[in-house]
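Have a look at the structure below before the remarks.
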Amino acid sequence: MEKFVIQGNTRLTGEVEISGAKNAAVAILPATLLIDGITTLENVPNISDVKIICDILTSLGANVEWTNYHTLVIDSRNLTCTHASLEMTSKFRASYYLLGSLLGRCKDVEVGLPGGCNLGARPIDQHIKGFEALGAEVNYEQGKINARAKELIGNSIYFDVVSVGATINLILASVLAKGTTILDNVAKEPHIVDVANFLTTCGADIMGAGTDTIKINGVDKLTGNHTYSIVPDQIETGTFMVAALASKGDILIKNCIYEHMDCLSAKILEMGGKIENLGDSIRVYCDGDINSTNIKTLPYPGFPTDLQPQIGVALSIANGTSIINESIWESRFQYTNELNKMGAKITAQGKTAIFEGVKNLKGSPLYATDLRAGAALIIAAIIADGTSELYNIHYIDRGYENIEDKFRKLGARIERIK
Ligand code: EPZ
């Protein structure tokens with residue numbers, strides 16, 4: 001078991017380089033199974049979720065090779081298996097993308113029921129409704145799900161909720177289907193657009209990614225021998241933007257996309273931070289007090305739920321009272337118990353939390369309850385008085401590449417202890 005030991009009272013300053021997007025990578029890697037050829041992916045985040053999915057692709061007969069720290073070459077010409085190991089796939093959420101990609105390519109798939117961070121109920125009924133609309137038969141048995149079809153035929157699918165996973169899964173399942181698929185009320189996150197761009201590079205016919213409706217004309221085959229670079233991580237960018245604000249620091253965030261950050265930028269400005277758009281870099285700094293504000297999480301382009309715990313840390317030391325309404329996940333306020341141990345005054349009930357700003361946080365033993373809560377607690381420990389020990393850091397390694405090195409370069413005193 002590893003932990004971080006973090007000495008606080010640090011104002012973060014300097015430069016940080018953003019990695020490729022986790023939530024794009026964990027979808028594009030399964031998407032390579034649709035391609036009868038070799039794909040080179042660049043700007044791949046070197047994180048534990050990506051390593052798990054590489055192992056799963058290998059177990060299905062793909063040849064997966066890291067050619068440098070951020071580049072993967074995947075040869076999916078000779079798949080040998082469509083039933084993924086239940087043990088491997090149940091370890092993390094994005095294994096559900098194997099359903100769409102293997103159903104699309106082989107018309108037959110079985111995976112373990114997807115695991116992942118504990119954020120409350122995480123149904124996949126919209127994915128299943130979509131696969132069935134394309135003609136698949138989907139069955140659940142204990143701990144596993146399988147789907148098969150004689151052929152997949154394009155259809156119109158309206159999603160009852162806006163779902164990142166269902167949107168991507170139905171894109172994956174329909175790019176090789178016969179005829180046209182129209183997906184309505186879809187998610188519009190940057191990683192949706194990235195998956196569509198990747199598949200288009202390989203010969204798919206997809207229109208409308210990034211809008212409410214996506215139209216896919218099925219093609220016979222996706223071709224290999226392409227190189228694709230994964231989009232910069234919107235959530236990692238936001239994590240460092242909030243770290244600059246909360247530590248009243250000054251950070252130049254490099255290799256990121258300013259336009260993906262509109263909603264967070266608006267909130268940081270309201271809270272007294274300052275932002276400069278420098279092309280593919282963003283400078284965020286704060287030289288005064290932090291103001292309170294209210295936030296409601298929403299699908300993109302609304303405020304991302306995956307940045308809610310991080311901004312919660314800044315609100316915990318803001319002047320005045322703030323309210324966060326979490327509209328995506330049931331259990332995303334578990335981090336507030338940890339912040340309260342540090343002296344924060346937060347009352348969380350159901351999907352609402354009230355933050356009464358305090359002057360300082362105090363170092364404490366802390367437990368990451370999920371990936372983004374873990375990132376938020378690092379920020380909290382960096383700004384707190386005294387020393388904190390942060391446990392359960394395997395959650396953080398799932399989605400942030402070398403996070404302690406990145407924070408250390410900004411002046412944080414953070415050590416990983418075995
Ligand atoms: C993706 O999860 C992300 N994970 C999550 O990031 C992120 O929090 C979430 O999207 C929302 O942005 C990956 O991309 C791997 P959803 P996903 O389907 O696809 C309900 C992180 O920290 N819903 O968009 O599982 C669901 O319960 C992680 O990086 C249904 O009701 O989320 C939720 O309330 C954690 N039925 C809402 O929709 C369904 O069939 C949005 O979920 C599917 C979802």
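Counting starts at 1 for both ligands and their atoms, following the listed order.
At a cut-off of 3.5 Å, with distance as the only test, a side-chain donor of D205 or N217 sits close to an acceptor on the other residue. Side-chain contact annotation: N63 with E65, donor-acceptor N/O pair under 3.5 Å absent. Residues D233 and Y400 have side chains that never bring a donor and an acceptor to within less than 3.5 angstrom of each other.
Looking at I268 and I275, their side chains come closer than 4.5 Å, going by heavy atoms from C-beta outward. I235 is listed as a side-chain neighbour of L307, based on a closest heavy-atom distance under 4.5 Å. Contact check for P30 versus I53: side-chain heavy atoms found under the 4.5 Å cut-off. Looking at S156 and D184, their side chains never come closer than 4.5 Å, going by heavy atoms from C-beta outward.
Ligand 1 places these atoms under 4.0 Å from at least one heavy atom of K22: 21 (C), 28 (C), 29 (O). Residue L371 approaches ligand 1 through these ligand atoms, each under 4.0 Å from one of its heavy atoms: 22 (O), 29 (O). Shown in contact with H127 at under 4.0 Å from a heavy atom are these atoms of ligand 1, numbered in order with element: 40 (O). For ligand 1, the atoms closer than 4.0 angstrom to any heavy atom of Q126 are 36 (N), 39 (C), 40 (O). Near R332, meaning under 4.0 Å from one of its heavy atoms, ligand 1 places the atoms 8 (O), 22 (O), 35 (C). Atoms of ligand 1 found under 4.0 Å from any heavy atom of I124, numbered from 1 in the order shown, are 39 (C), 40 (O). Near R93, with a cut-off below 4.0 Å to any heavy atom, the atoms of ligand 1 are 25 (O).
Ligand 1 is never approached by A166 to a heavy-atom distance shorter than 4.0 Å. Note on ligand 1: Y96 sits in its first shell, one or more heavy atoms being nearer than 4.0 Å. Using a non-hydrogen distance threshold of 4.0 Å, R398 does not register as a contact of ligand 1. For the pair K129 and ligand 1, no heavy-atom separation below 4.0 Å is found.
Relative to atom 18 (O) of ligand 1, the option among A375, S163, P123 with the closest non-hydrogen atom is S163. Scanning V161, V164, T297 for the heavy atom closest to atom 10 (O) of ligand 1 points to V164.
The OH atom of Y300 sits 11.5 Å away from the CD1 atom of I192 when rounded to the nearest 0.5 Å. The CE atom of M207 sits 4.5 Å away from atom NZ of K215, with the distance rounded to the nearest 0.5 Å.
In terms of polar-atom proximity, defined here as any N/O pair under 3.5 Å, A94 makes no such contact with ligand 1. Below 3.5 Å of separation, one finds an N or O of D125 facing an N or O of ligand 1. Taking only nitrogen or oxygen atoms, main chain and side chain alike, G165 reaches within less than 3.5 Å of ligand 1.
Under 4.0 angstrom from ligand 1, the non-hydrogen atoms of W329 all belong to its side chain.
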* Asked: When you look at V64 and L29, which way does the side chain to side chain contact (heavy atoms under 4.5 Å, CB included) test go after all the steps?
  -> CA-CA 10 Å; V64 182; L29 280 159; 5.7 Å; no
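Using bins of under 30°, 30° to 60° and over 60° for the plane-to-plane angle, the ring pair F131/H127 lands in the perpendicular bin.
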